[in-house]
Amino acid sequence: MAIPLALAVLCGLGLASRPPPGLLEGLGIFTLLVLAMRRPAACLLMMVVVGVTSSLLLARGASLPEGLVREDLAVEGRLVAVTQEPRLTRLTLEVTACHPLAEGRPGCDRLRRVRLSAFEAPPMQPGERWAFTVRLRPPAGFANPHTFDYEAWLWREGIQATGYVRREPPPQRLAESGDGLRERALAHLASRALPSRAERWLAALTLGAGERLTAEDWALLNASGTTHLMVISGLHVGLVAGFALLLGRGAARLATPGRWRLAVWPWWLAGVSAAGYATLSGLEPPALRALVMALVGLWVASGRHAPGPWQGWWLALAVVLLIDPLSAWRPGLWLSFLAVALLILAWQGRPRPRGWRGWLWALIRTQLMLAPLMAAAVLLAFARLAPAAPLVNLVAVPLVSSLLVPLGLLGWLLTPLPPLSALCWWLFAQLTEALAWCLEAAVVWLPLWLPEPALVTPLALCLGLVALLWGLPGLSGPLRTAGSLALAAIAMGLAPSGIPHGQLEVRVLDVGQGQLVELRTAGYRVLYDTGPRFASGFTPVSVLWPPGQRFDEVIVSHDDLDHAGGVAMLDERHRVSGFLAPPGEAIGVPFTTCLAGERWERDGVHFRFLWPPKETAAFTSNDRSCVLEVSAGEHRLLITGDVGRRVERAILLDAEAPLTLLVAGHHGSQTSSGPQLVQWLTPRHVVYSAGRRNAFGHPHDEVVRRFRSAGSCQWSTALDGALTFRLGRRSGQPVESLRRQPSRWGGVGADCLALESFQDRGHE
């Protein structure tokens with residue numbers, strides 16, 4: 001039943017992920033038919049399909065109603081996670097009660113988990129119960145290429161709304177946190193005089209406290225391909241189970257020398273130890289998944305009345321997804337199951353290694369065989385590749401599994417004997433620093449690589465085929481070698497050709513209520529604006545690219561925070577040849593002024609400023625914005641910053657018409673995009689760089705109607721995510737939209753979507 005059970009779970013996941021019309025009615029009819037057959041196995045499988053589908057549909061339906069956006073809500077619940085940041089506290093709250101404060105609003109009692117930001121909050125601890133007054137919004141995130149998908153993360157973590165805590169009325173603590181074993185262990189660890197990194201890594205490796213790791217820790221682990229080592233994984237739970245089994249069987253051999261092989265209790269001891277360790281680490285989804293896999297693995301290894309390896313694999317997959325259906329959207333689940341599947345495929349039927357040389361070669365062979373498969377999986381899940389990972393993991397995996405984890409756990413076991421515990425953790429700290437040094441050196445030597453989007457899938461396919469070539473039994477050595485070389489040649493030939501001479505790539509990035517446009521030619525890269533800086537201090541530009549990017553110019557339209565908020569971050573983390581800004585502005589770094597009439601050419605693409613003039617004292621900051629026009633062949637781009645209608649009329653005689661692409665002025669505000677500009681330039685495409693559900697109502701309904709009357713295709717980063725256009729080629733159509741809205745398919749033409757104003761819909 002293992003394979004049918006797993007397939008039933010996967011069927012339920014598939015139905016719930018894209019539910020067809022009449023799904024519930026169809027499931028009801030089909031369930032009645034199955035029950036009429038009176039076959040217990042079929043009934044069980046049908047119940048699994050219905051149960052998984054229903055649970056996911058209920059999870060989707062539990063999101064915050066649109067009518068409660070920007071409304072004050074009273075919520076009570078238990079704090080699951082508390083993360084301190086420089087200007088605020090991040091909270092994850094398990095909701096037990098929720099209701100709107102205003103009359104006549106829809107209920108919010110279906111909310112189960114929310115993520116909150118609290119400014120100037122009192123001290124809070126996980127496990128405490130609190131009452132807050134909050135403002136929430138449905139889960140959402142920025143949609144940009146090569147970046148972390150925050151919205152998808154919220155979904156798979158079961159977070160149904162995000163928002164912030166109101167200062168009035170102040171938060172109220174309802175109950176103190178329970179002094180659990182894990183909390184006492186973390187407090188004990190904090191009291192020990194350990195180096196900071198050793199303390200964080202010890203908490204993560206032995207207690208599953210991944211929240212103790214800093215952003216720098218995660219960046220190092222991501223770049224070196226060793227993230228999997230720093231969470232409670234099947235490897236760690238398996239080590240605990242294996243150690244307990246070894247002790248139990250050793251004790252059984254001493255107690256009953258003639259019958260020790262038949263003793264059952266050592267296997268139970270191993271299972272209980274694994275369960276206790278996973279529970280100590282918090283029993284969060286990764287630890288729960290590892291526990292299920294370890295228990296099934298123990299059952300398979302026991303050999304008596306146990307399923308085979310593949311049946312055990314399917315059974316573990318089914319049980320994990322039944323317990324936590326949302327884990328199907330966690331890349332870590334598929335990474336771990338793919339790794340186990342390849343190990344089963346490679347080692348099933350092979351003789352056990354003999355001697356230390358045999359085991360050493362088996363470890364090296366296993367790591368080398370897993371490396372391309374794990375690289376392919378990470379590439380598909382995160383669009384990144386750590387070239388150092390195969391070599392690093394050859395050292396890091398045995399070091400962590402054979403020394404760091406055992407030393408960390410032994411230190412906990414020897415806590416009643418402080419000198420011995422301190423010795424174990426001192427050795428742990430020394431090895432941690434050595435490992436960190438190796439990872440940093442490897443990352444400098446082979447830095448993290450972010451391939452172009454078109455390259456991700458073909459390259460991942462090549463890496464997966466290489467893993468299969470070396471994992472499949474029965475293939476000859478020359479065939480494996482020749483196949484790997486052929487696939488390597490194919491992968492090398494997949495390198496992108498770049499932007500042709502005379503063409504311009506325009507990418508309007510999704511940065512919320514702000515603006516950031518990236519312009520690229522064959523050998524030239526420029527940014528127009530740098531995105532916003534929020535009250536928390538977060539700047540979206542900080543997550544768009546890895547450090548060390550080179551920009552030929554950064555044009556800052558004016559010094560408003562929604563346009564110049566990322567200047568300091570760009571100057572600190574990247575190589576910027578020069579900043580440009582209007583006269584009279586202050587952007588925090590030295591800059592050259594942008595002035596009307598300046599023009600330059602790069603790779604056959606022509607750039608020029610239409611505004612501002614030399615004297616800007618009579619203009620507001622918005623009306624001093626740099627207005628940039630770019631021409632690539634017959635196509636033209638215009639970016640006007642935040643200039644108003646008076647300035648628009650002043651530049652019309654200099655602007656060339658018609659336009660292929662216009663980045664709408666002031667995010668679609670009614671103060672810009674006047675009738676004269678729209679009628680004279682008649683842009684083919686208009687992009688509004690605006691935040692989802694922004695408080696300003698951008699784009700304004702009057703502006704939307706004006707462009708619609710002119711026949712313009714209208715796009716918004718709030719709805720479509722980052723938008724990429726290629727100008728200078730024949731069509732000038734957008735080549736990429738990061739977030740297509742299913743409700744908007746079939747709008748005005750195949751590649752031209754209808755757009756509605758959000759101004760009058762903010763309180764629906």
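All values below come from the heavy atoms of this structure, side chains included, with hydrogens, waters and symmetry mates left out. The first residue of the sequence shown is numbered 1, and numbering continues consecutively from there.
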Using modelled atom types only, decide if a donor and an acceptor are shared between the side chain of [X] and the backbone of [Y] within a distance under 3.5 Å.
X      : Y      : result
Glu128 : Gln125 : yes
Gln160 : Arg112 : yes
Asp571 : Val567 : no
Ser224 : Leu439 : no
Asn144 : Asp510 : yes
Asp623 : Gly644 : yes
Trp334 : Ala328 : yes

Could you state the interatomic distance from [atom1] ([X]) to [atom2] ([Y]), rounded to the nearest 0.5 Å?
X      : Y      : atom1 : atom2 : value
Ser117 : Leu91  : OG    : CG    : 8.0 Å
Thr620 : His558 : OG1   : NE2   : 8.0 Å
Leu68  : Arg105 : CG    : CZ    : 8.5 Å
Gln513 : Thr717 : CD    : OG1   : 8.5 Å
Tyr688 : His700 : OH    : NE2   : 11.5 Å
Cys108 : Leu136 : SG    : CG    : 7.5 Å

Using atom types as modelled, flag every donor-acceptor pair under 3.5 Å from a side chain in residues 76-83 to any protein atom, sequence neighbours excluded.
none

Does a side-chain N-to-carboxylate-O contact under 4.0 Å join [X] and [Y]?
X      : Y      : answer
Glu66  : Arg693 : yes
Arg192 : Glu199 : no
Glu151 : Arg692 : yes
Glu176 : Arg129 : no
Arg575 : Glu553 : no

Heavy-atom distance under 4.5 Å between the side chains of [X] and [Y], does that happen here?
X      : Y      : answer
Asp529 : Val517 : no
Trp153 : Trp329 : no
Phe142 : Leu544 : no
Val554 : Phe591 : no
Thr640 : Ser672 : no
Val541 : Val511 : no
Leu628 : Ile555 : yes
His667 : Asp562 : yes

| field | Arg525 to Trp545, cation-pi by 6.0 Å centre distance and 45° axis angle | value | yes
In terms of side-chain heavy atoms, does [X] have a donor or acceptor partner in [Y] at a distance below 3.5 Å?
X      : Y      : result
Thr539 : Arg533 : no
His99  : Asp109 : no
His563 : Ser557 : yes

- prompt: When the ring planes of Phe551 and His574 are compared, do they come out parallel, tilted or perpendicular, using 30° and 60° as the limits?
  reply: perpendicular
CA sep, side-chain torsions, deciding dist, call: Trp201, Leu213, side-chain contact (heavy atoms from CB on, under 4.5 Å) = CA-CA 7 Å; Trp201 288 26; Leu213 299 179; 3.5 Å; yes
Could you tabulate the donor-acceptor pairs under 3.5 Å formed by side-chain atoms of residues 577-589, not counting sequence neighbours?
residue: Glu585; atom: OE1; partner: Asp559; partner atom: N; Å: 2.9
residue: Glu585; atom: OE1; partner: Ser621; partner atom: OG; Å: 2.8
residue: Glu585; atom: OE2; partner: Arg624; partner atom: NE; Å: 2.9
residue: Glu585; atom: OE2; partner: Arg624; partner atom: NH2; Å: 2.6

When Asp560, Val647, Val643 are each screened for side-chain contact (heavy atoms from CB on, under 4.5 Å) with Asn622, the one that passes is Asp560
Worked verdict on Leu723 versus Arg507 for side-chain contact (heavy atoms from CB on, under 4.5 Å)
CA-CA 6 Å; Leu723 287 153; Arg507 178 168 288 162; over 6 Å; no
* CZ of Arg110: more than 12 outside heavy atoms within 6.0 angstrom? -> no
Hey, mind stepping through Leu73 and Phe132 against side-chain contact (heavy atoms from CB on, under 4.5 Å) and telling me if it holds? CA-CA 8 Å; Leu73 308 176; Phe132 300 113; over 6 Å; no
What are the two closest non-hydrogen atoms of [X] and [Y], and how far apart are they?
X      : Y      : result
Glu71  : Ala102 : OE1-CB, 4.0 Å
Thr162 : Pro138 : OG1-O, 4.3 Å
Pro540 : Pro532 : CD-O, 3.2 Å
Pro612 : Thr616 : CB-CG2, 3.9 Å
Cys98  : Val95  : CB-CG1, 4.1 Å
Leu186 : Ala203 : CD2-CB, 4.0 Å

Arg200 and Thr214: CA distance, side-chain angles, deciding distance, side-chain contact (heavy atoms from CB on, under 4.5 Å) verdict: CA-CA 8 Å; Arg200 298 194 306 269; Thr214 64; 3.7 Å; yes
